[in-house]
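For reference, the structure is listed below as structure tokens.
These figures come from a predicted structure and were not determined experimentally. Every chain is numbered from 1, with letters handed out A, B, ... down the list of sequences.
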Amino acid sequence: MNSTRRKLLTKGASAAVAAFFCNGKSYATVEDIHSVLDPPPKRDNNVGDEAGIVKLFTPEIAENGNSVPISVFVASQMSAEDYVASVLIVAEGNPNPQVVTFHFTPLSGEAKVKTRMRLAQTQDVLAVAKLSDGSVHKTSNHVKVTIGGCGA
Amino acid sequence: MAKAKARIKVPKTASAGEIITIKSLVNHRMESGHRTDKDGRAIPRKIINKFTCEFNGKPVFSCDLGTGIAANPFFEFKARVMEAGTFHFTWIDDEGIKIEARKEIDIV
């Protein structure tokens, strides 16, 4: 029983330490997210996903922020004229919000990727897709993080 | 550091025009630069910042990684195969160390 209690205390302490270190970092804003897009869309330009072509799959609750499985899918024909050029994954609450940028070509066949990311805290994860015609679509999911991956 | 080892899963054969699934995993600590050691010194950032996949010299998929990717970066993605050939995978880290792997695929 003692050892269980100790384990619990250690976990609590490391979570507190993680929270302390992570809070010292500056967080991203929507402007930051837009500035990392290349070429950046106009700020007031409604970057939305009315067509619903971007799908982002994340767990509702991530128990371990050090490795959170995510999956993104963009509906597209992936032909030579009409394909998904890139998809950007942004974690607004991470010290470095720009997590990863995927680049596709018509040879990709399907714009679908799975990977594992770090999440420092409970936050929104965004997926921004840029198509070959220059249009930008985005979607976001809220992920609750139990123990943050501080080194995000 | 242990030698970086890449593990890749590509089907051995496919029919022409088929969209196949490729899984890749490489051993890497992906040190984010935000952590400190026990003396309080910052551990320098060392991550894989680029991953590319080419098929017969033509780009298929690539990505720019940030510090938000978990250790031992894993990617599962798709590729359309029109002809037999070789997939060439490359990972490049902050120190310029390159990890390479190749996989062949046949058309049936």
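When hydrophobic residues (I, L, V, M, F, W, Y) are linked wherever their side-chain heavy atoms come within less than 4.5 Å, the members clustered with A/Phe73 are A/Phe57.
By the 30° and 60° cut-offs, the orientation of the rings of A/Phe102 relative to B/Phe75 is perpendicular.
Across all non-hydrogen atoms, the minimal contact from B/Arg29 to A/Arg118 is O-NH2, 3.5 Å. Considering all non-hydrogen atoms of both residues, B/Leu65 and A/Val100 come closest at CA-CG2, 4.2 Å. Of all the heavy atoms in A/Thr115 and B/Ile69, the pair that sits closest is OG1-CD1, 4.0 Å.
In this structure, chain A has no heavy atom under 4.5 Å from any part of B/Ile22. For A/Pro106, the part lying under 4.5 angstrom from a heavy atom of chain B is the backbone only.
Taking 4.5 Å as the limit, every side-chain heavy atom of B/Lys78 sits out of range of all side-chain heavy atoms of A/Met78. Side-chain contact between B/Thr52 and A/His103 is absent, with no heavy atoms from C-beta onward closer than 4.5 Å. Side-chain atoms of A/Asn94 and B/His34, non-hydrogen and from C-beta on, never get closer than 4.5 Å to each other.
Of the residues considered (B/Ser24, B/Pro59, B/Ser62), B/Ser62 shows the highest number of contacts with chain A, using heavy-atom pairs under 4.5 Å.
Few gaps surround CD on B/Glu100; more than 12 heavy atoms of other groups in view lie less than 6.0 Å from it. Enclosure of atom CD in B/Glu83 by more than 12 non-hydrogen atoms of other residues, nucleotides or ligands within 6.0 angstrom is indicated. Under a cut-off of 6.0 angstrom, the local environment of NZ in A/Lys114 is sparse, with at most 12 non-hydrogen atoms contributed by other residues, nucleotides or ligands.
Remark: the backbone N or O of B/Ala79 is not paired with any side-chain donor or acceptor of A/Ser108 at under 3.5 angstrom.
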